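The next block holds one structure in the form of structure tokens; read it before the comments.
Letters A, B, ... are given to chains in the order of the sequence lines, protein chains preceding strands, and every chain is numbered from 1. Atom set for the values below is all heavy atoms of this structure, side chains included, hydrogens, waters and symmetry mates excluded. As the structure is a prediction and not an experimental result, all values here were calculated from the model.
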Protein chains: 2
Amino acid sequence: MSYASVVDAAQAIAEPVRRDILVLLLHEGSVPAGEIARRFSISRPAISRHLRVLRESGLVRAETTGRQRLYVLDPAPLAELAGWLAQFTSDPAWQQRLDALETEVYRTRRERARPDPAAATEQETA
Amino acid sequence: MSYASVVDAAQAIAEPVRRDILVLLLHEGSVPAGEIARRFSISRPAISRHLRVLRESGLVRAETTGRQRLYVLDPAPLAELAGWLAQFTSDPAWQQRLDALETEVYRTRRERARPDPAAATEQETA
DNA sequence: CAGACGCGTAACCGATGAGTTACGCTTCTG
DNA sequence: CAGAAGCGTAACTCATCGGTTACGCGTCTG
């Protein structure tokens, strides 16, 4: 398990516009660059560079047909990222440890309703 | 359709150090801030700010005990992010469209394994 | 109680990133 | 074949980010 492309995928995903582009491609399948740009309020070069980021991180592939560039989604890196996330969401170890630790913070989180006697968890960063 | 915290989670995940912190907390359960800082080569204030980002995105919770701040993982936002990713990895629609399109780019992708650009910030240093 | 300890924050700085406009290259078209 | 259409890139600006050092504040301890 190398999780090599997790780095790039996470970086790519961090940008709202890029996420929207991915969703767009998911729904529409294959969309030319200009058409993608037309869907957003930012300029076409900005979209072009977002597409480059997505391309370089393997999330998207481009097929040149004539003077158009059709973009298609490639969810493989996203699957890898999902695999990386799985170690957190599926592994029960963290919960066991938290149970063993029996911290106040966790009980609060878990019950979500009881009055907080100490309230020492949420203070800084006013 | 909320995916509200996906934004923040993706942002938090985009940073290699923050990913490593999450993995560290996954394995160790509850770790004080200074101990976390000691595991990395960067300065303690830098870690402190990474921890703030993780806190504000809900990925981590802090419990103050005396003069220590114990950090624990909260995988809930990661689960949400995984849910967002699921629309790409589980939905078969994209593949149908790609099959229908039958593009050269896709056949290329399918036949030969794609080269993996090595960028191994992944394996935690702990 | 003075001082060490633990941790967060402020102030500052170089690097990165996302947006813009201007431009160039290739491909279609009248 | 000239010009429009479609895209990408270069050059630039501004905001954000991640790192550092200096500092402040609450907590433990001899």
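Side chains of A:L22 and A:V60 form a contact here, defined as non-hydrogen atoms less than 4.5 Å apart.
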Report all interatomic pairs (protein N or O, nucleotide N or O of nucleotides 18-24 of chain C) with separations under 3.5 Å.
| residue | atom | partner | partner atom | Å |
| --- | --- | --- | --- | --- |
| C:dA18 | OP1 | A:R18 | NH2 | 3.0 |
| C:dA18 | N7 | A:R49 | NH2 | 2.9 |
| C:dG19 | OP2 | A:H50 | NE2 | 2.4 |
| C:dG19 | N7 | A:R49 | NH2 | 2.9 |
| C:dG19 | O6 | A:R49 | NH1 | 3.1 |
| C:dT20 | OP2 | A:S43 | N | 2.6 |
| C:dT20 | OP2 | A:S43 | OG | 2.5 |

What's touching nucleotides 2-5 of chain D from the protein side, N or O pairs under 3.5 Å?
| residue | atom | partner | partner atom | Å |
| --- | --- | --- | --- | --- |
| D:dA5 | O4' | A:R67 | NH1 | 3.1 |
| D:dA5 | N3 | A:R67 | NH1 | 3.4 |

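A:F40 comes within contact range of no nucleotide atom at all, as no heavy-atom separation falls under 4.0 Å.
When all heavy atoms are compared, the tightest approach of B:L26 to A:Q87 is CD2-O, 3.6 Å. The minimum heavy-atom distance between A:I13 and B:A10, with the atom names listed, is CG2-CB, 3.7 Å.
A straight line from CZ of B:R52 to C1' of D:dT16 spans 14 Å, rounded to a whole angstrom. In this structure, B:Q68 atom CD and C:dG8 atom C1' are separated by 14 Å, rounded to whole Å. Separating the CG atom of A:L51 from the P atom of D:dG6 is a distance of 16 Å, rounded to the nearest angstrom. One can place CZ of A:R69 at 5 Å from P of D:dG8, the figure rounded to the nearest angstrom.
A:R61 contributes no side-chain N or O that, together with a main-chain N or O of A:V72, makes up a donor-acceptor pair within less than 3.5 Å. For the pair A:R69 (side chain) and A:A33 (backbone), a donor-acceptor distance under 3.5 Å is absent. Between the side chain of B:S57 and the backbone N or O of B:V53 there is at least one donor-acceptor pair closer than 3.5 Å. Side chain of B:E15 to main chain of B:V17: a donor-acceptor pair is present (N/O by atom type, distance under 3.5 Å, no hydrogens or angles).
Listed pair A:Y71 / D:dG8 meets the phosphate criterion, a side-chain N or O lying under 4.0 Å from OP1 or OP2.
Note on A:R39 versus A:E28: salt bridge recorded, some NZ/NE/NH1/NH2 to OD/OE distance being below 4.0 Å.
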